[in-house]
Structure formats: C-alpha cells, structure tokens
Amino acid sequence: MLQMEEAVDLLCAQVQTIQETEEVELLAALGRLLGEDCVAQQDQPPFPRSPLDGYAVRGADTASASPEHPVRLRVVGKLFAGGMFDGTVGPGEAVRIMTGAPIPKGADTVIRQEDTDYGIEAVFLYSSSLPYQNYCPAGEDYKKGDILLEKGTVLNGAAVSVLAGAGRQRVRVLRRPRIAVISTGDEVLQPGTPLTAGKIYDSNRFYVTSRLMELNCPPVASLHCGDDAEALAEEIRRLAPSTELILTIGGVSVGEKDILHRTLELLGAERLFWRLAVKPGSPTLAARFGSTLLLCLSGNPFGAAVHFELLARPVLARLTGNPRLTMKRERKLLRDGYPKGAKMRRFLRGCVQGDAVRLAQGNQAAGALSAMAHADCLLELPAQPTGFPAGKEVWVYLL
Ligand code: AMP
Ligand code: MG
C-alpha cells in the first residue's frame with residue numbers, strides 16, 4: 001500500500017503553482033500572497049520630523065546649556081504634527097514643536113520640553129543637544145525605491161500596515177486556487193433540516209470547507225450530493241472546468257454504495273491511487289479529470305480530517321506557492337499510552353504541552369467528532385502489533 005509521503009509527491013506532481021495575479025483592496029489582501037515586488041514611492045518618513053515635544057533649535061546654540069547656566073532662545077513659531085514652518089530657524093532662535101511635526105529649516109535638533117521652562121516668547125533650555133541627536137531624518141524607516149515586500153510574501157497584518165504606510169490603497173496579489181468541496185451520502189443531512197431516522201448531519205463538508213477558509217483558500221463551491229454516481233459525475237463535470245482541485249468526502253471504500261469508483265469510471269477520470277497505509281481514512285482515492293485533481297476522502301470524520309490535513313494541505317501549498325500551508329512536524333514525548341496496535345501508522349488527535357503531547361479530550365474513534373475540537377495537533381503512532389506505551393517520543397503535526 002502507498003505511504004502518505006508517496007501520495008503527497010504524486011498529488012503535488014499533478015498541480016502547478018498559480019502565477020496569475022489580481023488587484024484587490026488593501027484589506028482584502030490580508031492572508032493573500034503578494035503578486036508584485038512592492039517598491040516605496042517616497043521616503044518614510046517623507047520629511048525630517050521631531051521625535052518628541054519640545055523646541056526645535058540649532059544644536060550649536062545649546063552647547064553650554066545646563067540647569068545652572070540655562071541658555072535663553074527667542075521662540076519664533078509653534079508647530080504641531082501636520083503643520084509646516086515657512087521660515088528658517090536662525091542663531092538664537094527656537095520653534096516650539098510637537099512630536100511628528102516637520103523639523104523646520106535651520107534647526108538640527110530638538111530639546112525636550114521637560115528640559116526647558118516651557119517659555120512662550122522666549123525659552124530657557126536646561127540641557128544641551130548635539131546636532132541630529134533628537135532628530136528623525138527623512139527616510140529613517142526606508143527610502144524611495146527600496147523594496148518593501150517581495151512578491152510571494154504572505155500578507156499578514158503587519159505587512160498590510162507597511163503597505164498602508166507606503167500609501168497603497170490597492171495591491172496586486174496572486175490568484176487563489178479554485179477549489180470545490182462535495183460531500184456524499186444518502187444518510188447525510190444538512191444542518192437546519194429535521195433529523196430523521198437513520199440520518200446524521202453533514203459535519204465533514206463543514207470541516208473541509210471551514211479549514212479551507214482558515215487556510216485562506218476558501219472554496220468556490222461547497223455542496224452535498226446523494227449516493228448517486230451519475231449525479232455526482234454530473235456535478236464534477238460541471239465544476240471541473242473552473243477548478244484546480246475538487247475534494248469529495250465519502251463513498252471511497254468497498255461497499256455497494258461507495259459510488260466514487262463508478263463516478264470516476266463514468267467520468268473517464270485517470271486514477272492516481274486508491275488506499276494509503278494510514279489509519280484512519282485509508283481508502284482515500286485520487287484521480288485526474290482533465291486538468292482538475294480529484295481528491296476523494298473517506299467519510300469517517302476523523303479519517304477525512306487526517307487526510308485533508310496531510311494530503312490536501314501540501315497540494316494547497318504547491319498550488320499557492322505558500323510552503324507554510326503544509327503542516328509543521330515536531331518530535332514530542334507522548335504522555336499517554338494507546339491500547340490498540342495497527343498494521344499501519346495511526347494518527348490520533350493531540351494537545352501539545354511544551355515538549356510533550358497528550359491525547360485530546362474525547363473519543364479517539366475514527367467516527368467520533370468531538371475530540372477534534374479540543375485538538376491542536378495530529379500525533380502519529382508507528383505501525384506496531386501491540387499498543388503504544390506512555391512516555392515515548394512521537395511525531396506531532398501541528399494543526
Ligand atoms: P463512507 O466513507 O461514505 O462509507 O462513510 C463512512 C462513515 O462516515 C459513515 O458512518 C458515514 O455515515 C459517515 N459520513 C460520511 N459522510 C459524512 C459527512 N459528510 N459527515 C459526517 N459523517 C459522514
Ligand atoms: Mg457513504
């Protein structure tokens with residue numbers, strides 16, 4: 001049986017990193033990948049400015065100032081942030097200045113107001129300053145022509161604020177991958193409809209859809225289809241021309257109602273693999289239909305989740321060019337034991353606690369949902385005939 005890593009390589013070889021870009025409003029670019037090198041159009045700050053409230057002066061005038069021998073200067077103006085002083089500060093002169101205001105011509109430093117008598121017509125300075133000591137030069141942060149952010153940068157809040165500071169109202173970003181999600185199953189009802197005998201609510205479609213949204217790859221379509229191979233094939237035919245990836249859930253095992261096999265046959269899709277040596281969720285199936293990749297997850301909620309995280313995320317990383325979409329893996333000490341052995345490696349839901357990991361609270365069965373909401377990682381137990389003892393190291397994949 002195929003190993004997870006081999007399956008990831010096979011899937012990633014099927015998709016290409018999206019190169020197309022589009023322009024969006026700055027705040028809509030949050031979480032997106034920058035589609036251009038962003039070059040500063042002006043110095044930041046654009047003018048020399050005062051780093052404090054005080055008096056803009058010529059440093060040379062203040063050389064002898066001390067509490068015992070204050071220097072007296074004539075105050076020739078007052079300047080708030082946003083204002084401009086038209087004249088030049090001459091020898092023996094000072095301009096009252098507030099933080100962020102442009103330092104007037106002639107002045108080369110600022111004496112903080114706590115070191116003065118706060119004079120209005122004339123001011124006594126009790127301390128000296130060297131030229132450019134209390135002075136933010138133009139371009140202190142960056143200069144016109146500097147590359148602020150490179151193409152491919154993931155735009156987090158800080159990056160968005162840098163772009164705003166540079167005056168960008170809109171920004172070019174890489175196009176998002178186009179992904180569709182289809183859950184299957186005649187027993188699966190949508191939340192909001194009454195629960196009837198033998199039915200369950202569709203949790204998997206919401207898992208996959210909301211995880212795609214969390215990973216900044218919101219699907220273009222998310223829908224449910226009954227166990228009808230023809231109808232499912234029709235949906236895939238409709239969606240494939242406008243998607244790079246279609247994720248289906250359920251119907252990949254060997255039962256009579258496991259319709260994905262028949263669906264792929266009807267489509268004439270090229271099968272890439274079926275079944276991986278991973279518990280839970282092993283019957284995962286992958287195929288290529290035209291230029292669209294079909295990744296068909298098992299319906300068991302935790303199986304679907306494991307294979308989404310471990311298989312679909314590397315595909316998203318490849319499609320977007322954002323390697324951070326792949327899960328990060330670390331070694332941790334497993335504090336709990338697990339009683340069941342397995343012929344293949346097994347994933348469980350865990351919670352990281354420093355250098356250790358514990359099993360997440362709740363039932364770990366593949367069909368159980370609630371433990372997932374308490375987990376912050378998947379932890380991997382190696383294939384082994386007997387249970388896994390507490391106190392040994394395991395791989396942990398951070399969610
Ligand atoms: P399947 O892979 O279709 O054989 O489904 C395996 C198990 O997962 C069955 O118990 C299904 O009822 C359940 N299941 C399938 N799809 C979903 C879904 N979308 N939400 C919740 N459970 C599901
Ligand atoms: Mg089913």
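Remember, it's 1-based here, ligands and their atoms both numbered in the order they're listed. Because only heavy atoms are used, hydrogens play no part in the values below, and waters and symmetry mates are left out as well, while side chains stay in. Predicted model only: the values in this text are computed from it and were never measured.
- Near D202, with a cut-off below 4.0 Å to any heavy atom, the atoms of ligand 1 are 18 (C), 19 (N), 20 (N).
- Of all the atoms in ligand 1, the ones that sit under 4.0 Å from a non-hydrogen atom of Y201 are 20 (N), 21 (C).
- Because its NZ or CZ atom is both nearer than 6.0 Å to the ring centre of F302 and within 45° of the ring axis, R349 counts as a cation-pi partner of that residue.
- The residue among G299, P301, G250 with a heavy atom at the shortest distance from atom 23 (C) of ligand 1 is G299.
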Task: side chain to side chain contact (heavy atoms under 4.5 Å, CB included) evaluation trace for M1 with L276 - done: CA-CA 6 Å; M1 244 193 272; L276 303 179; 5.8 Å; no

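- Counting atoms of ligand 1 from 1 in the listed order, those under 4.0 Å from a heavy atom of I200 are 12 (O), 21 (C), 22 (N), 23 (C).
- The line from CZ of R175 to OG1 of T21 is 10.5 Å long, rounded to the nearest 0.5 Å.
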Task: Steps toward side chain to side chain contact (heavy atoms under 4.5 Å, CB included) verdict (T62, S127) - done: CA-CA 7 Å; T62 71; S127 79; over 6 Å; no

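- Distances from ligand 1 to the non-hydrogen atoms of G251 include at least one value under 4.0 Å.
- Atom 16 (N) of ligand 1 is flagged as protein-proximal [any protein heavy atom, distance under 4.0 Å].
- Shown in contact with D258 at under 4.0 Å from a heavy atom are these atoms of ligand 1, numbered in order with element: 4 (O).
- Between Y201 and F206, the ring centre distance reaches or exceeds 6.0 Å.
- The environment of R170 atom CZ is dense: over 12 non-hydrogen atoms of other residues, nucleotides or ligands sit within 6.0 angstrom.
- Protein heavy atom in closest approach to atom 18 (C) of ligand 1: N204 ND2, 3.2 Å.
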Task: Candidate pair R58 and E93, rule salt bridge (Lys or Arg N to Asp or Glu O under 4.0 Å), full reasoning - done: CA-CA 8 Å; R58 293 168 173 258; E93 292 180 345; over 6 Å; no

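- Considering each of G367, S203, G255, the one bringing a non-hydrogen atom nearest atom 20 (N) of ligand 1 is S203.
- For E187, every heavy-atom contact with ligand 1 shorter than 4.0 Å involves the side chain, none the backbone.
- Applying the 4.0 Å criterion to heavy atoms of N300 picks out, from ligand 1, the atoms 6 (C), 7 (C), 8 (O).
- Classification of R345 and E380 as a salt-bridged pair holds, one side-chain N sitting under 4.0 Å from a carboxylate O.
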